[in-house]
There are 2 protein chains.
Amino acid sequence: MNVTGHTRRPASIRDVATAAGVSYQTVSRVINGHPSVKPSTRERVLAAIDELGFRRNATALALASGRTRAVTVLTANTTHYGYASILQGIEEAARAASYAVGIGVLESADEAAVAAEVQRAADAGGGLIVIAYDPAGVRALGAVPAELPVVGVVETPATPPDPGHPWVWADDREAAYQATRHLLALGHETVHYVAIPSSTRRTSARTTGWRQALKEAGAPEPRPVQGSWGPAGGHAAGRRLAKDPAVTAILCGNDDLALGVLRALHESGRSVPGEVSVAGFDDAPHSAYLTPSLTTVRLDFTGLGRSAFALLHGVLEESARIAPHPVSVPELVVRESSGPPPAHD
Amino acid sequence: MNVTGHTRRPASIRDVATAAGVSYQTVSRVINGHPSVKPSTRERVLAAIDELGFRRNATALALASGRTRAVTVLTANTTHYGYASILQGIEEAARAASYAVGIGVLESADEAAVAAEVQRAADAGGGLIVIAYDPAGVRALGAVPAELPVVGVVETPATPPDPGHPWVWADDREAAYQATRHLLALGHETVHYVAIPSSTRRTSARTTGWRQALKEAGAPEPRPVQGSWGPAGGHAAGRRLAKDPAVTAILCGNDDLALGVLRALHESGRSVPGEVSVAGFDDAPHSAYLTPSLTTVRLDFTGLGRSAFALLHGVLEESARIAPHPVSVPELVVRESSGPPPAHD
DNA sequence: GCGCCTTGTGTGACCGGTCACATTCATGCC
DNA sequence: GGCATGAATGTGACCGGTCACACAAGGCGC
């Protein structure tokens with residue numbers, strides 16, 4: 001119990017040492033669990049630590065040893081459900097491993113801005129996790145200097161990445177494949193796709209899965225409609241699709257886009273799922289409560305975040321390396337927004 | 001340009017010093033903008049800095065000077081729209097001031113767990129921002145040792161807080177007041193309220209605003225229905241309210257609750273806004289795209305986050321103290337979910 | 001009884017910065 | 001000319017830990 005008034009600076013190992021009548025090095029040994037310390041000495045030191053309320057200074061530890069026990073998450077956004085959930089998952093795992101979690105937002109995808117953010121993150125020391133679902137994130141992941149430990153949370157890669165690239169991903173492609181097959185199985189001639197902005201120039205994993213399902217079913221492949229991330233983009237895309245009476249099934253790159261599409265269909269007087277079926281992606285918490293409730297594919301973002309941290313943890317400390325890429329399995333959730341196409345054709 | 005291979009450890013001020021032919025202290029002076037350095041010397045040092053790609057080591061800076069330039073945000077959740085937006089606002093302002101942002105999630109409101117999280121945050125050094133909208137946050141804010149610089153993001157306090165308590169808030173009470181008056185002005189006899197969990201034992205600010213509007217209008221005051229944070233809670237509350245034919249207007253503690261209420265009304269066959277009007281709180285991005293689109297009160301969470309950081313920044317560095325509590329003004333957004341009560345009565 | 005290994009502990013340097021103070025030299029003033 | 005003043009720079013200690021090494025005491029083999 002420390003009853004002295006005054007804001008005194010926190011106790012250091014030397015304070016503890018004098019209080020326990022040992023050298024500071026012995027204190028260091030005790031707090032690091034070094035074996036060769038006499039039990040009676042250890043007791044005395046522990047008592048002194050308790051008495052003075054000693055806590056090891058993280059800054060000094062980092063400076064002296066290089067071990068930082070910190071991770072910085074680089075992301076373009078913190079408010080989108082998927083991003084926020086990944087962050088939450090990372091924090092959860094990091095907390096369990098008593099790592100500190102820092103966050104840097106990539107406000108612009110501009111080359112220089114991204115580089116500056118990466119630098120800032122590097123300055124923080126410790127490892128990096130980059131959420132690379134969008135151009136800013138992808139660019140950031142590419143801009144990380146090779147000597148920095150980094151894990152990327154990415155879209156399903158087209159080909160297995162080099163072992164030198166520690167990446168995690170949810171199986172986007174499989175998820176899109178499942179959702180598309182679900183819609184086709186209901187009897188729709190084809191499925192239109194409202195895409196999220198692709199993270200790279202190349203086609204996104206979600207698009208690939210959708211395309212694959214269409215191809216297997218011999219369904220015609222309409223041009224994907226480019227959306228944005230939020231419901232506004234879905235709304236705009238939905239307006240265009242609503243005009244075409246041939247459109248009876250729409251897969252959306254995420255639940256927010258789907259929401260916008262639903263709204264646009266409603267405004268155009270086209271009923272869901274009577275005339276048009278809609279499926280989303282992610283299973284955001286509100287999707288189950290929409291009217292009509294949204295058919296979607298659930299991705300375990302929190303788990304993905306945990307995996308990302310686990311992978312980074314493995315890179316930073318040689319203990320407990322995990323399996324190469326722990327991919328979580330997407331789960332189709334069928335709700336009200338999907339059904340058979342209108343009877344007549 | 002550093003073309004040497006090998007992962008060499010980053011250049012320190014002494015490396016720069018020898019490269020420039022000066023002492024390390026002179027380098028320190030240059031990077032800190034100390035006035036009395038001969039221009040020619042400064043030039044040489046800057047050139048060396050550039051050449052070696054020197055970056056000041058944040059850890060060493062923190063250890064030696066005590067200045068940490070970091071802020072840790074303590075929050076119960078990162079995925080809810082309001083929380084995530086506040087975080088985004090804090091990060092934005094912190095980035096502008098080149099502060100690092102850390103995050104700690106209060107997974108449980110349990111006394112010991114909260115205390116541990118606060119300790120962890122304290123270990124990170126720098127300032128603290130606690131989002132205290134819920135029991136876990138409130139408890140955390142209370143558990144912060146007095147000597148730590150901390151800013152609370154709180155509900156509108158009932159009475160002006162002591163100057164010793166640097167807090168920021170959006171005007172919840174005014175927002176609830178506005179929304180309630182809007183519904184009453186449409187002709188509803190009274191307005192029912194589905195509450196978010198109160199952060200404290202005492203009545204929440206939102207409840208107070210609602211109550212005040214009812215009282216001023218001489219409307220009867222129904223018992224508030226206790227909800228949770230997510231749509232599920234709203235759904236449960238909505239089910240109960242839907243059974244009572246006297247209920248024609250419902251104000252919800254946030255947009256997620258409102259979503260659940262809308263869904264429950266729909267399931268009970270009560271039309272919105274024909275039979276029942278619903279208003280939310282926060283103006284989450286999806287609220288405008290619901291069917292019916294949601295009448296709500298927009299709160300500037302991002303701005304609130306920026307204010308929180310600005311206040312903390314003022315506490316940490318004596319430069320540029322800001323006005324006591326910069327309260328952002330809520331804005332009523334009227335959409336489809338509110339309208340006059342059913343004609344007959 | 002000597003050397004040697006193991007156990008328990010202490011000493012000094014170091015991580016990369018900052019701070020307080022000392023030093024040098026040019027200048028201005030009386 | 002002597003001396004205070006200020007500009008420009010350097011030196012040593014320090015922040016709070018860790019690391020490499022030294023060293024004393026005790027047990028064991030021969």
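Residue numbers begin at 1 in each chain, while the letters A, B, ... track the order of the sequences.
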Task: side-chain contact (heavy atoms from CB on, under 4.5 Å) assessment of E155(A) paired with W169(A) - done: CA-CA 6 Å; E155(A) 289 190 356; W169(A) 60 87; over 6 Å; no
Worksheet item: Stepwise, does the side-chain contact (heavy atoms from CB on, under 4.5 Å) test hold for E91(B) with T78(A)?
Response: CA-CA 10 Å; E91(B) 199 281 339; T78(A) 66; 5.9 Å; no
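P145(B) and V118(B) make their closest contact through CD-CG1, 4.1 Å (heavy atoms, listed as atom of the first residue, atom of the second, distance). Considering every non-hydrogen atom in both A76(B) and V105(B), the closest pair reads O-CG1, 3.7 Å.
Here R67(B) reaches the OP1 or OP2 of dC19(C): one of its side-chain N or O atoms lies under 4.0 Å away. Between T26(B) and the phosphate of dT9(D), there is no side-chain N or O to OP1/OP2 separation shorter than 4.0 Å. Contact annotation: S65(A) side-chain N/O to dG17(D) OP1/OP2 distance is not under 4.0 Å. Side-chain nitrogen and oxygen atoms of S23(B) include at least one within less than 4.0 Å of the OP1 or OP2 phosphate oxygen of dG10(D). Using a 4.0 Å cut-off, no side-chain N or O of S36(A) falls inside it from OP1 or OP2 of dT7(C).
Residue whose closest nucleotide on DNA chain C sits further toward the 5' end, between S12(B) and R14(A): R14(A). For the pair K38(A) and N57(B), both in contact range of DNA chain C, the more 5′-proximal nearest nucleotide belongs to K38(A). For the pair V37(B) and A64(B), nearest-nucleotide mapping onto DNA chain D gives the more 5' position to V37(B).
Counting any heavy atom pair closer than 4.0 Å across all strands shown, R29(B) reaches a base atom. Residue R42(A) is classed as having no contact, given no heavy-atom separation below 4.0 Å to the nucleic acid. L63(B) comes within contact range of at least one nucleobase, with a heavy-atom separation under 4.0 Å. If you check every strand for non-hydrogen atoms under 4.0 Å, I13(A) touches a base. Nucleic acid contact class of T41(A) (heavy atoms, under 4.0 Å, all strands): sugar-phosphate only. Counting any heavy atom pair closer than 4.0 Å across all strands shown, R56(A) reaches sugar-phosphate atoms only and no base atom.
Between the CG atom of L61(B) and the P atom of dG16(D) there is a distance of 15 Å, rounded to whole Å. Going from atom NE2 of H34(A) over to atom P of dC21(D) covers 15 Å, rounded to whole Å. Atom CD1 in I49(B) sits about 14 Å away from atom C1' in dG16(C), given to the nearest Å. Between Q25(A) atom CD and dT18(D) atom P there is a gap of 8 Å when expressed in whole angstrom units. Here dT18(D) presents its C1' atom at 10 Å from CD1 of I31(A), a figure rounded to the nearest Å. The interatomic distance linking N32(B) (CG) with dG16(C) (P) rounds to 17 Å, in whole Å.
Here the side chain of Y24(B) is nearest to one of dG17(C), dG16(C), dG12(D), namely dG12(D).
Between the side chain of S28(B) and the main chain of Y24(B), no donor-acceptor pair closer than 3.5 Å is present.
The shortest side-chain heavy-atom distance between Y99(A) and L312(A) does not fall under the 4.5 Å cut-off.
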